[in-house]
Amino acid sequence: MRRSGGLLPAMTLVAVVLAGCGSQAGPPTATSTSPGASASPDATATLTAPTASPADSSPPATAPDTSAPATTNASGSWVTFTTADGQLAFDLPAAWSVTDPAGELPEGGGAFAEVTNRAGKPMAALRTNMAIGSTCLEKYPYAELETQELPALAQNGTSPRFVFETRGDDSAPGPADTPAAAYGITSVPAPTGDSACPIVHFFTWPPTSAMFGAFYNPDNNVTPGAENLPYLEQARRYMNTPEYQNIRRMITSLRPAG
């Protein structure tokens with residue numbers, strides 16, 4: 001059940017960047033930059049030493065699936081990145097890089113930043129000012145491996161949450177040609193029952209919606225020693241890697257700039 005995909009693979013989801021009647025924007029393109037957290041030459045985003053933020057005091061992540069607990073803490077030097085539009089900020093390892101903008105921005109502005117690790121592999125993409133719509137035609141077995149509420153991003157009294165979740169299992173695979181594991185921020189309520197719609201990671205952020213995360217891709221999210229295991233097992237074991245711990249710390253640090 002090995003699957004691969006980029007940050008925004010095809011799925012039963014329509015995500016259209018607001019651009020009047022223009023064409024739909026393509027998926028983020030991985031851009032390799034020099035080691036170290038740096039923005040593209042034409043960006044006005046800024047990097048500073050990280051400071052305490054509301055995200056730092058948010059409840060710790062929980063791991064509903066106790067078969068794959070996260071055990072390694074993120075560490076090393078960190079910096080704070082502020083998007084070129086000056087609206088959002090997040091912390092990331094100093095050895096990682098940021099490309100901003102990573103592609104065409106929607107009409108009316110917004111953010112489009114892509115984070116890559118030291119090897120140039122994409123770890124997550126942040127996009128704002130997105131119009132979304134989704135259709136749930138079929139449900140699949142699911143697991144929430146980890147979840148954490150993010151009060152710093154609350155809108156109208158409702159907080160989104162960081163989640164690492166999967167769809168399908170060995171007997172009932174998830175959506176065809178779509179990665180069945182992903183981490184990111186979502187305003188979608190946690191599934192109930194024994195099945196769930198395909199993964200949709202978007203959260204409410206003015207003026208429309210935003211995303212910050214990625215689908216798990218074994219080619220990008222390397223899990224040492226698990227290369228020959230089934231896709232979903234690789235995803236579960238990835239939670240125990242320092243790289244995933246850094247990703248979780250980075251995404252859950254997202255907050256309004258200033």
Side-chain angles (χ1 to χ4, degrees), residues 1-9 28 30 32-33 35-37 50 55-56 58-79 81 90-99 113-126 142-148 150 161-170 174 178-186 199 201 211-254:
M1 190 178 170
R2 180 182 175 88
R3 300 167 184 265
S4 64
L7 295 177
L8 291 174
S32 177
T33 58
D56 297 329
S58 59
T62 60
D65 185 349
T66 57
S67 64
T71 59
T72 307
N73 293 325
S75 61
S77 299
W78 284 65
V79 294
F81 176 81
F90 59 87
D91 304 329
L92 74 158
W96 290 8
S97 302
V98 183
T99 301
E114 185 174 77
V115 182
T116 55
N117 64 11
R118 186 190 296 269
K121 300 287 188 179
M123 297 286 94
L126 169 64
Y142 73 93
E144 281 203 348
L145 305 180
E146 193 167 37
T147 184
Q148 178 178 334
L150 303 178
R161 59 198 180 96
F162 168 83
V163 65
F164 187 17
E165 58 184 330
T166 66
R167 294 292 183 273
D169 54 31
D170 292 339
T178 300
Y183 50 80
I185 302 175
T186 182
I199 296 172
H201 285 174
M211 61 159 286
F212 191 20
F215 281 89
Y216 171 76
N217 179 345
D219 293 332
N220 298 327
N221 311 104
V222 179
T223 307
E227 295 83 355
N228 297 321
L229 294 175
Y231 172 86
L232 291 179
E233 181 60 25
Q234 289 190 54
R236 292 186 182 95
R237 294 196 179 197
Y238 184 63
M239 292 177 61
N240 293 304
T241 65
E243 182 175 270
Y244 172 76
Q245 296 297 302
N246 285 336
I247 289 172
R248 184 185 69 181
R249 176 178 169 183
M250 175 182 70
I251 293 177
T252 58
S253 74
L254 186 67

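Contact between Ala124 and Ala214 at its shortest, heavy atoms only, is CA-CB, 4.1 Å. Looking at every heavy atom in both residues, Ile251 comes nearest to Gly213 through CD1-CA, 4.0 Å. In plain terms, the two heavy atoms of Glu165 and His201 that are nearest each other are OE2-NE2, 2.6 Å. Across every non-hydrogen atom of Trp96 and Thr116, the tightest pair is CB-O, 3.3 Å. Across all their heavy atoms, Asp91 and Met250 have their closest contact at O-CG, 3.0 Å. Of all non-hydrogen atoms in Phe81 and Ala113, the two that sit nearest each other are CE2-CB, 4.2 Å.
The CD1 atom of Ile185 lies 8.0 Å from the OG1 atom of Thr252; values are rounded to the nearest 0.5 Å. Between the CD atom of Glu233 and the CG atom of Asp169 there is a distance of 13.0 Å, given to the nearest 0.5 Å. Between Leu232 atom CG and Arg167 atom CZ the span is 11.0 Å, to the nearest 0.5 Å. The CD atom of Glu144 sits 9.5 Å away from the OG1 atom of Thr166 when rounded to the nearest 0.5 Å. Atom-to-atom distance recorded for Thr186:OG1 and Met211:CE is 11.0 Å, nearest 0.5 angstrom.
Side chains of Tyr142 and Ile199 form no contact here, defined as non-hydrogen atoms less than 4.5 Å apart. Using a 4.5 Å heavy-atom threshold, the side chains of Asn221 and Ile247 count as touching.
Residues Gln234 and Arg237 have side chains that never bring a donor and an acceptor to within less than 3.5 angstrom of each other.
Listed for the Tyr231 side chain is a donor-acceptor partner under 3.5 Å among the backbone atoms of Tyr216.
Ring centroid separation for the pair Phe164 and Tyr244 comes in under the 6.0 Å cut-off.
Salt-bridge annotation for Lys121 and Glu243: absent, with no side-chain N of the basic residue lying under 4.0 Å from a carboxylate O of the acidic one.
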